[in-house]
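I have a structure here, written as structure tokens, and I will follow up with some questions on it.
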There are 2 protein chains.
Amino acid sequence: MTLDALDEQIVRALLVDGRASYGAIGAKVNLSAPAVKRRVDRLRARGVVTGFTARVEPSAIGWSTEAYVELFCNRRTSGAEILERTRTYPEVVEAFTVTGDADALLHVFAGDMQHFERVLTQISAEPFVARTRSVIVLSSLLRRSQTPREGDTDA
Amino acid sequence: MTLDALDEQIVRALLVDGRASYGAIGAKVNLSAPAVKRRVDRLRARGVVTGFTARVEPSAIGWSTEAYVELFCNRRTSGAEILERTRTYPEVVEAFTVTGDADALLHVFAGDMQHFERVLTQISAEPFVARTRSVIVLSSLLRRSQTPREGDTDA
DNA sequence: CATGAAATAATGGCACA
DNA sequence: TGTGCCATTATTTCATG
């Protein structure tokens, strides 16, 4: 599945401004508004663009504490099992299986440190969790979305 | 700075669908389209909503390798200094200062493992970097955006 | 904040390369 | 297949109350 140069430019424009009109995008990429819409529809159908969302300042909506939690599992725990449990915590926004000594990595937002401690305690008490190691975010230096790479050939 | 119940619902709707029309949002929150627009404008002016973006499948735009890199600095390095250098790498999408033994944490996307290794080598060679520890993402289990918390009073 | 009018944008049909 | 042009419908946006 390959994106041609036009698709790439359109995706880039949508990453910069997800609410840009098709006409405005078309002006940048030299395409008519309907043509841009058709391509965006196709990108969505192909699963390249999975949706649109607002960028929101976490602290403004009550999430002032951010952390990464490494999960060490005491037995072979499948990714599906980890997902099944961790998704029940609204504080967990990302979950990965990873290389290294830990088995999984969770990205967690909490209202404050007390809230985070409570969530961490609950997660630690999950039957498949042997122990955890947390890294608390002190300050967010950079937060941006990636742009398409040039030579792009993969799924 | 406080969001009232209406703002909160609007932000929630925009997180779910960043391209939803003001009329459609208004139907959900019992407000007219112009009223929703005024509130969204205000939310943007206040810095609550910082923008809109597309959600894109990383692998579809050439980023198949994802990793977190912990940075250990050999001297007291300011966050500003870390930001100044790391932002020059398009592969670095997030950068934080953190608690624990590492000084900073980078979220990195690369085209493949070879590409990641090259970037890691470059970052390791930055004068303020003593050593690094990388965690490669094997599979992404969960990726979602947080929703506003209920009792929300902070900046 | 709602209403209503005018400007702008989205979207489907149709012809063409 | 993909595009541009056109017409229709929907949305945005700004006036006023």
Side-chain angles (χ1 to χ4, degrees), chain A residues 1-57 60-62 145 147-155, chain B residues 1-62 145 147-153:
Chain A
M1 181 206 284
T2 305
L3 301 185
D4 65 19
L6 248 29
D7 287 331
E8 201 175 290
Q9 288 180 278
I10 291 171
V11 167
R12 210 178 295 262
L14 286 175
L15 285 169
V16 171
D17 180 5
R19 272 186 94 92
S21 73
Y22 298 130
I25 297 169
K28 286 187 187 173
V29 306
N30 292 321
L31 231 50
S32 68
V36 173
K37 182 200 183 298
R38 282 189 290 260
R39 278 175 177 263
V40 172
D41 286 346
R42 195 161 55 98
L43 288 168
R44 299 195 63 167
R46 288 201 289 168
V48 175
V49 171
T50 58
F52 296 93
T53 189
R55 252 191 305 257
V56 174
E57 179 61 33
I61 56 171
S145 52
T147 53
R149 291 206 325 133
E150 322 302 298
D152 160 60
T153 50
D154 65 298
Chain B
M1 184 205 282
T2 304
L3 302 184
D4 66 19
L6 248 29
D7 287 331
E8 202 175 290
Q9 287 180 279
I10 291 171
V11 168
R12 208 178 298 262
L14 287 174
L15 284 169
V16 171
D17 179 5
R19 273 186 94 91
S21 73
Y22 297 132
I25 297 169
K28 286 188 188 174
V29 305
N30 292 321
L31 232 50
S32 67
V36 173
K37 183 202 183 297
R38 278 193 295 269
R39 279 176 178 262
V40 173
D41 286 345
R42 196 160 54 97
L43 288 168
R44 298 194 65 166
R46 287 202 288 167
V48 174
V49 171
T50 57
F52 297 93
T53 188
R55 251 190 307 255
V56 175
E57 179 61 34
S59 64
I61 55 171
S145 52
T147 53
R149 293 207 323 134
E150 322 301 298
D152 159 62
T153 49

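Letters go in sequence order (proteins before strands), and every chain restarts at 1.
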Nucleic acid contacts of residues 13-25 of chain B, taken as heavy-atom distances under 4.0 Å to DNA chain D: B/Ser21, B/Tyr22, B/Gly23
Just wondering, do A/Val49 and A/Val40 contact through their side chains at under 4.5 Å, heavy atoms?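 Of all side-chain heavy-atom pairs linking A/Val49 with A/Val40, none is under 4.5 Å.
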Whole angstrom is fine here: how far is it from CG in A/Leu3 over to P in D/dG2?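 About 13 Å, once rounded to whole Å.
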Salt bridge check, A/Asp17 against A/Lys28: does any charged N sit closer than 4.0 Å to a carboxylate O? no
Counting only side-chain nitrogens and oxygens, does B/Lys37 get under 4.0 Å of the OP1 or OP2 atom of D/dT13? yes
Base C/dG12 to side chain A/Arg38, donor-acceptor N/O within 3.5 Å cut-off: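 No, the side chain and the base share no sub-3.5 Å donor-acceptor pair.
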Say whether, by atom type as modelled, one donor and one acceptor occur between the side chain of A/Thr50 and the main chain of B/Arg55 under 3.5 angstrom. yes
Does D/dT3 have OP1 or OP2 sitting under 4.0 Å from an N or O in the side chain of A/Arg39? yes
Value rounded to 0.5 Å, distance of NZ in A/Lys37 from CD1 in A/Ile10: 12.0 Å
With rounding to the nearest 0.5 angstrom, report the CZ to CG distance, B/Arg46 to B/Asp7.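 Rounded to the nearest 0.5 Å, the CZ-CG separation comes to 5.5 Å.
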Whole-Å gap separating C1' (D/dC5) and CG (A/Asn30):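 After rounding, the reported distance stands at 17 Å.
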Which one, D/dC5, D/dT12, D/dG4, comes nearest to the side chain of A/Pro34? D/dC5
How many whole angstroms separate atom CZ of A/Arg42 from atom C1' of D/dT1?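 One finds 9 Å between C1' of D/dT1 and CZ of A/Arg42, rounded.
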B/Arg39 versus B/Asp4: any side-chain heavy-atom pair under 4.5 Å? yes
Closer than 3.5 angstrom, by distance alone: can the side chain of A/Arg19 be matched with the main-chain N or O of B/Ala20 as a donor-acceptor pair?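 Present.
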When rounded to the nearest 0.5 Å, the distance separating CG of A/Leu43 from CD of B/Glu57 is 13.0 Å
Under 3.5 Å, is there a donor-acceptor pair between the side chain of B/Thr53 and the main chain of A/Leu15?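 Checked: pair present.
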At how many degrees, to 10°, do the end axes of the helix from C/dC1-D/dG17 to C/dA17-D/dT1 meet when each uses five pairs?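 Here the helix ends are tilted 30° relative to one another.
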Name the closest nucleotide to the A/Leu6 side chain, picking from D/dT3, C/dC1, C/dT11.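 The answer is D/dT3.
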